Novice: 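What follows is a single structure, and I will ask about it in a moment.
What you see is a predicted model; the values in this text were computed from it and never measured. In what follows, every chain begins at residue 1, and chains take the letters A, B, ... in the order their sequences are listed.
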Amino acid sequence: MSFFVDYIWLVPLFSLIAFLIISTGNMFVLHRNSRISAYLTLSSSFLGLVFGVLAFIYCYISENIWFERTFSWISVDALSFDFGFMVDNLSATMVVMVCFISLLVQIFSMGYMKEDPEYSKFFGYLALFNFAMCFLVLSPNLFQAYIFWEMVGLCSYLLIGFWYWKNSASKAAYKAFIVNRVGDFGFLLGMVAFGIFTFNYWINSDLSFLSFSDLNMAVFYLKDVFGGYSVVIIGLLFLLASCAKSAQFPLYVWLPDAMEAPTPVSALIHAATMVVAGVFLLARMYPLFEVSSLLMGAVVVIGIFTALLCGVFALFERDLKRVLAYSTCSQLGYMFFAIGLGAYSAGIFHMFTHSFAKALLFLAAGCVVFALGGRQDIFEMGGLRKRMPVVAYSFLAGVISLSGLFFSGFYSKECIFQAVFESGNIWLSVLFCAIGILTAFYLFRVYFLVFEGEENRSVGEVRSIPFSMIFSVCTLVVVSVLFGFLLGGHFGIKSFDELIYYSFKEGYRPSFLLVILSVCLSLSGVIGAYLLSKAGKRVYLFENLRFVVDWFYENVVSRVFCIVSKLFDFVDRYIVYGVVYICGLLVNLFSLLLRSLSSKNIGVYVVLSMGWLILLFIVLYGFKELFV
Amino acid sequence: MELFFDIKNTILPEVIVAAGFVGVFIFCILGRRLNKRFLFIFNIVVLLAAFFATLSPDFSFSNYIFSGMTSVCSLSFLFKQMILVGGIFAVLLSERYVLSMEKYAGEYYALLLSAILGAMLLSCSDNFLMMTVALELLGISSYLLCGFSSDDRFSVVAMMKYFVVGSVASCIVLYGISLLYGLSGSFQFEAVAKNITSGSYIAVLGGVFVVSGLCFKLAAVPFYSWASDVYRGASFPVAAFLSVVPKVAAFGLLIRLLTVVFNNVWIIYPFVAIIAVFTMFVGNLLAFREKNLRSLMAYSSIAQGGYVLCVISLGSALSISAALFYLIAYIFMNFCAWGGIGLLSEDRHVTFDSVRGAVYSKPFASVCLIISVLALSGLPFSIGFFSKFYVFQSVAFAGFVLLPFLFIILINVFLSFYYYFSLVRQIVLPGYNQLSQKNGIKIKIATLFAAIFILFSGFFSFLFIEYSQEISMEYMSGIVTSENY
Amino acid sequence: MLEVSLVHYIILSALLFCIGLCCVMVSRNLLRIFMGIELMLNAVNINLAAFAYFCDGMVLGGQVFILFVMAISVCEMAIGLVIVVALSRHSENIDVNSQDVLEDKQ
């Protein structure tokens, strides 16, 4: 069984092979919308999933494994940049989650992208993404994590701009990539700064440079030698990276626009896997954050503020997928919030439940969009439950889970709730309750507006939904329902926080009062949504609220950057290029000079040779006089 | 029996090649209709036999043959191997040229063999007399090879220019030899070395003359102007041969001269360095605007010779090993490039315009040419990169004082990127290419082999560098402890 | 009475060498160039003979070398005459400066 842990690097490798075959096959053999690429990608994901599940089971039944295998890629004196993989409980569970959702999304795409002319390219990109995300999760050190972090951002760009002929899609792709770049800048700076400051530690202890397994000791070294401020600065840089990737304030602006991507992409990347890379980074860098309470406070503030702000935006949004996007931002804020409070396993647990639930919601939304022929405005839908009951109930299941009423979302929310109340801060608790109401409110608003009520006149014809899409949705329902049950600590199975914990097992001690409180809050949100939908009036209030932040970026931030970049452009164009140009001119001059010396007269050859000889003599004589 | 052993361990390769030379002449005289295939096979067999004869010499016997005219050590055997490999490549590449000849195929092969013989003797000579004879043997064979297709006015004019410049150069060498003889009273290298010091002006003058005259064969600065004309005028296998074999032989001789004869005349080392700097600049700058492919190869080989001169002028064992490795790499890269050019077009007026877009009509030749040209410029993980790297390394290890020297080499490498890459760019640009050249299978095999070697030996470069380091260490330690006279 | 010593021979040889070199540099006629080359080789011969007599009295290696140099010069002249014959087959004169062939037709 440990074979699967040893060879877990095969999991991303299968996807990489699928990607390479598809991309080279596209050039030569495969027709652009051939089904072969889909089967290839599906089989690679399936194999990866099998491997991942077996590896996960092995991790589950053994006590506390931390398996690492690397080989040294670049090694300079005592430092070695290693490349390899690391399997511990966190990465094993994440691999399973990534592969599973990836597989389901790929099955979904078989139906959703059926008529798309660039079908096989899509599957190639999905395979590439799977590869990058799996390797990111399996990274043993910061260095490799950075490489795959960037690669995941690249895949996001490629997939958002998949329908590149749509202007809005390519702009959204740019936006996503550029905002992610800001985060990557933070990551790189943080990594480099951390590496430089703890340089002596790594050299003296003969460890793999910047590896996660030795992060603890490195952080202690950093704090001892350089003091608390260095930890704060480096932590803030990593926090910047996480914020950009996980769409926290103020770097969340790319996620709503990223809904230009096909819905499977939104489900995979922008709900379930890529955006949790930020949370994953926080989890891996937790030793660094834990040391400074200022950092933890920053994480909490950012988390809760985003959760609140994006929840409000979601409340007034009319595009189906954008609501879900804002909901993702908000829930990620939950996770940040939880980790910031010190509830490490609660935050990670919420990440898992949210991934399944959000993927479910997105896929169900995809079914709706597909059936309605591409329309996404929720005010033009209604009463779809009678037309597509399976989708409706799946959506309902996802909404229930996410708002914390029942199913797995309930468990994870309870853990976070408990952590909030244990922290004792009254404002946080109040805000958290408010967000709880808000979450239930906007989620159920969507549900009631889309699936309940009277059918809107503009619904028109509803296409039938392919079986593959239904299958994915249903599977996700099953999983998201069961996941929470299974890992909630009942039935003698290990609970989640026994599986994944940082330094101590937190233990979920159900407080009956808290449970009642949270369920009541969510129910009140549900009732509010029901009333709102029944009111029949469309609420156009604050529809354009979200554009405030966009306006700020566009007018203030980019103006400043334009000025700075104009300066750099001047230097680059005239000064740097000028030097290069002059060098080229000089060389050309000398070349012409020399070529003019040759001619057709053979006598000139001999004269030339003698001339060179005399020159050599002179130089030699000069050399002798000068240096001797 | 003793005579046999002596020959076997010392000059068996030369004897085999000389026997082959005589054999080819006999066939020329006796055979009325020369069977070209038979000649080809005979030549290959001779060269391969000579190559195998160089493979396992036993140095425990006395290495005193011909009164010490030739030196026997692993360095000279390495040079013989390199020259023979070059010869085999040249024979393979001349397939089509020989087919096009009506009558004189035998003489062609005879001249090739005599040139190879002269080169081998030159690289292992230990006496000025042997050096002169070998130099002239190599030189005269080269002149004749250059002008071999005498129906072609271009070839004959090129031969004339080659001859005149070459004769002047060899006169200068002889004058220098006479001066050195005057100081020391002997022609043997070690004896001369004992008697000349850096103080006497005549010794320096003699040394400068000898080295400068030798630079003719190397196509280095005092006498480089023949290269462009000869590479254009000669047919392509001859040009390929001339760009490699005389150069390698002359480098062998130069290494021996610098380390043995001018051991005490320290001023010659900076002189070689100055020649090297000028050679690199001249080669690279002249190649800058060159549009004719053959002249481009000529100037690039001038510059490549310059790099080797740089590193020879340092005189340490490490630098000599870098020079050896560079020469080994140079042989393969150059033959691959010439093979690619020959497969593209045998016309001497091939310019950039005529090779534009060649990769679409003649992919094999173009790819080989691209690989070799990129390797010449220093493409990473090909053998060209590692050879340049070791050159840099040995210059860098020679001390902080030589840092400007390293910069000059680096600048020249950058300059060379321009013309190499512009050649590659021309080949890859889309365009309708009208080159039509019938291919020869042997040429293709030779070029393919060289290209594969270039690409993959990069991974095994550590083997080569170890081998050359071993040889140069042995050689340098042999010099220090030798006391023949 | 001036005694003829080594220095005189060296100066003679050097002068002859320079004359031969100038002859090569300024000639337009190929045969005259060959004469210049021959002159240079003979200057070397004088040098060698002088050194052999004055410095190497016992072995006289220089004089052996002279024989070799003469043989070499004969070979070179043979080659030179081959060139003359081949050139004259292509054009009427052997004026080296009128051979303008090696330029690209661009």
Side-chain angles (χ1 to χ4, degrees), chain B residues 127-130 132-133 135-137 139-141 143-144 147 150-168 170-188 191 195 202 228-230 232-233 290-292 295 348-351 353, chain C residues 6 10 13-14 17 20-21 24-25 27 30 33-34 36-41 43-52 54-59 61-62 64-66 68-69 71-73 75-80 82-87 89-91 94 96 99-106:
Chain B
N127 186 311
F128 278 118
L129 183 60
M130 171 64 101
T132 315
V133 170
L135 202 61
E136 294 305 322
L137 180 59
I140 289 177
S141 312
Y143 308 148
L144 287 173
S150 56
D151 300 328
D152 195 349
R153 199 162 143 240
F154 291 56
S155 285
V156 179
V157 173
M159 177 180 174
M160 173 194 73
K161 296 196 183 186
Y162 196 14
F163 174 75
V164 170
V165 181
S167 298
V168 171
S170 73
C171 292
I172 289 184
V173 171
L174 285 169
Y175 195 78
I177 292 175
S178 68
L179 289 178
L180 290 176
Y181 168 68
L183 280 177
S184 57
S186 156
F187 290 109
Q188 192 70 20
N195 288 310
I202 295 200
S228 165
D229 296 311
V230 167
R232 272 200 235 181
E290 187 56 54
K291 294 283 177 262
N292 182 310
S295 295
R348 63 174 53 86
H349 292 299
V350 182
T351 58
D353 288 330
Chain C
L6 177 61
I10 294 178
S13 142
F17 192 83
L21 197 57
V24 171
M25 285 198 274
S27 299
L30 195 60
I33 291 181
F34 293 159
I37 292 175
E38 196 63 37
L39 196 54
M40 284 199 280
L41 284 169
V44 172
N45 283 345
I46 292 178
N47 224 359
L48 281 168
F51 281 131
F54 284 100
C55 307
D56 193 19
M58 292 297 287
V59 180
V64 174
F65 202 82
I66 291 177
F68 277 92
V69 171
I72 287 169
S73 75
C75 292
E76 286 202 349
M77 285 309 114
I79 304 292
V82 161
I83 295 176
V84 171
V85 167
L87 265 183
R89 262 202 291 152
H90 289 290
S91 64
I94 47 174
V96 295
Q99 310 291 348
D100 58 350
V101 284
L102 290 177
E103 284 170 12
D104 284 325
K105 300 179 173 56
Q106 274 173 355

Novice: Counting heavy-atom pairs under 4.5 Å to chain C, which of B:I172, B:L129, B:V156 comes out on top?
Specialist: B:L129
Novice: Kindly give the heavy-atom pair with the smallest separation between B:A191 and B:S184, and that separation in Å.
Specialist: O-CB, 4.2 Å
Novice: Could you tell me which portion of C:A14 (side chain, backbone, both or neither) has an atom closer than 4.5 angstrom to a non-hydrogen atom of chain B?
Specialist: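 Interface part for C:A14: both.
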Novice: Is it the backbone or the side chain of C:V24 that comes under 4.5 Å from a heavy atom of chain B, or both, or neither?
Specialist: side chain
Novice: Atom CZ of residue position C:F68 - does it have more than 12 heavy atoms of other residues, nucleotides or ligands inside 6.0 Å?
Specialist: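 It does not: C:F68 CZ has 12 such atoms or fewer within range.
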Novice: Do the side chains of C:H90 and B:V157 get nearer than 4.5 Å, heavy atoms only?
Specialist: no
Novice: B:L144 versus chain C, heavy atoms under 4.5 Å apart: side chain, backbone, both or neither?
Specialist: side chain
Novice: Could you tell me which residues satisfy side-chain contact (heavy atoms from CB on, under 4.5 Å) with B:I202, sequence neighbours excluded, listed by chain and number?
Specialist: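 Per chain and number, B:I202 pairs via side-chain contact (heavy atoms from CB on, under 4.5 Å) with B:L179, B:L183.
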Novice: Could you give me the CA-CA distance, side-chain angles and deciding distance for B:F163 and C:F34, then say whether ring-ring contact (aromatic ring centres under 6.0 Å, His included) is met?
Specialist: CA-CA 10 Å; B:F163 174 75; C:F34 293 159; 5.3 Å; yes
Novice: Contact part of C:A50 toward chain B, heavy-atom cut-off under 4.5 Å: side chain, backbone, both or neither?
Specialist: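 C:A50 has no heavy atom closer than 4.5 Å to chain B.
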Novice: Please classify the contact between C:L21 and chain B as side chain, backbone, both or neither, with a heavy-atom cut-off of under 4.5 Å.
Specialist: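 Contact with chain B is through the side chain of C:L21 alone.
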Novice: Please classify the contact of B:D151 with chain C as side chain, backbone, both or neither, using a heavy-atom distance under 4.5 Å.
Specialist: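 Contact with chain C involves both backbone and side-chain atoms of B:D151.
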Novice: Less than 4.5 Å apart, any side-chain heavy atom of C:M77 and any of C:I37?
Specialist: yes
Novice: For chain B, which of C:C75, C:C55, C:G62, C:G20 has the most heavy-atom pairs under 4.5 Å?
Specialist: C:G62
Novice: C:S73 versus chain B, heavy atoms under 4.5 Å apart: side chain, backbone, both or neither?
Specialist: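 Nothing of C:S73, per the 4.5 Å heavy-atom cut-off to chain B.
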Novice: For B:Y181, which residues count as a ring-ring contact (aromatic ring centres under 6.0 Å, His included) partner, sequence neighbours excluded?
Specialist: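 Scan of B:Y181 (ring-ring contact (aromatic ring centres under 6.0 Å, His included), adjacent residues dropped) gives B:F187.
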